[in-house]
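Data block below; observations after.
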Amino acid sequence: MVCYPTFGGSGVLATELGKYLARKGHRVHFITYSQPVRLDILENNIYYHEVNVQDYPLFEYQPYELALSSKMVRVALKYELDLLHVHYAIPHAYAAFMAKQILKTEGFDIPIITTLHGTDITLVGRNPSYKPAVTFSINNSDVVTSVSESLRQDTLDIFKVTRAIEVIHNFVDMDLYNKDENCKNNFAPKGERIITHISNFRGVKRISDVVEIFYRIQQQTDAVLLMLGEGPEKERARYQAQELGIADKVKFLGKTSEVVRVLCISDLFLLPSEKESFGLAALEAMAAGVPVISSNAGGIPEVNIDGETGFTADVGDVGKMSERALYILQDQERFERFRKAARAQAERFSLEKIGPKYFDLYQKATGHLSETRV
Ligand code: GMT
């Protein structure tokens, strides 16, 4: 598994997939520049290889791709890997292609599976500085998957793709979300509704919409807003909350490792993103039985069903989003109905249902891997 180790969804998905494969008895090697946030390197069958980039004063930009390709080559040869599964096209698919070519010269053939996650296509990848390299890496992967139908379509629209792209939706490990938490008091001592947002606080997440929607909600019903994650828009959001006079109701919890516990005490999840290929954070909220108020961007409607598991609205329509939020929160019976539907929808994306699809792919790519090795 080659992935970003940070809080972003692609790294989370890669880590959860690797853990699942390891539990099935496969040896899974993670290759990245620091330990992925959700990875427990003491688990059986999990190996972690850190990519070191030599800091050389001549270079203004250190060549990470080179170090990554070299690491892939060394790990593939030493551990006789069956395949390389790279998450996020930039620069992982490109580095994997180079590694594959180098390995060929050693008489070692290895299939590359590339999973496209979102901004590697819709934002960064389409930039002219990267586009030819991204197109080439997609077309030269042995298997390409995307995490939603919408992202598949975007990829076909943006790039000249000559490969088939298979959609394998993101998944969630439902067992993690069975917690019956009794710690609501910590954040909502007066029984306030707990509204949550999790992201890397980049521009595409429209953090100011999150704060604005919450502002309108708390005018009508007692509520607190929990903001999980770190990123460039965080300080602006803190300032906005102060300006609106709601700073005491908005808690910034940073990069907490207790995402699951926080979701299990949440009443509503907000995801008003400008772009979102899937919305893994929303799926995780739904697994905890939390209805979602979101934009209808990209692949979100494949996950959040309007009027059933929450509501979707046009990007920027904070009026509709706050209205719909109150519609769910202000009637307990209705709220329970949405909670149930959210959980049922998450079941459709459970690890048990989606995980085996990756095994099928691996089998096709290698011709010999079976679902379980133990
Ligand atoms: O959304 C982010 O900021 C992180 C980003 C990533 O690649 O780590 O997430 C993308 O991949 C996730 C996992 O497949 C998807 O659930 C997110 O929707 C997607 N983000 C965007 O498309 C903006």
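We count ligands from 1, going down the list as the structure has it; atoms in each ligand are counted the same way.
Ring pair His169/Phe278 is tilted by interplanar angle, where 30° to 60° counts as tilted. Ring planes of Tyr362 and Phe359: perpendicular class, angle over 60° (limits at 30 and 60°).
Close placement of the Tyr47 and His29 rings is indicated, their centers lying within 6.0 Å of each other. Taking the six-membered ring wherever Trp is involved, the centroid distance between the rings of His49 and Tyr79 falls below 6.0 Å.
Checking side-chain atoms of Glu258 against main-chain N and O of Val262 turns up no donor-acceptor pair under 3.5 Å.
Near ligand 1, residues Gly8, Gly9, Ser10, Tyr88, His117, Gly118, Thr119, Val147, Asn170, Asn200, Arg202, Lys205, Lys275, Glu276, Ser277, Phe278, Gly279, Leu280 each place a heavy atom inside the 4.0 Å sphere around the ligand atoms.
For Phe59, the ring-ring contact (aromatic ring centres under 6.0 Å, His included) test picks out Tyr56, with sequence neighbours left out.
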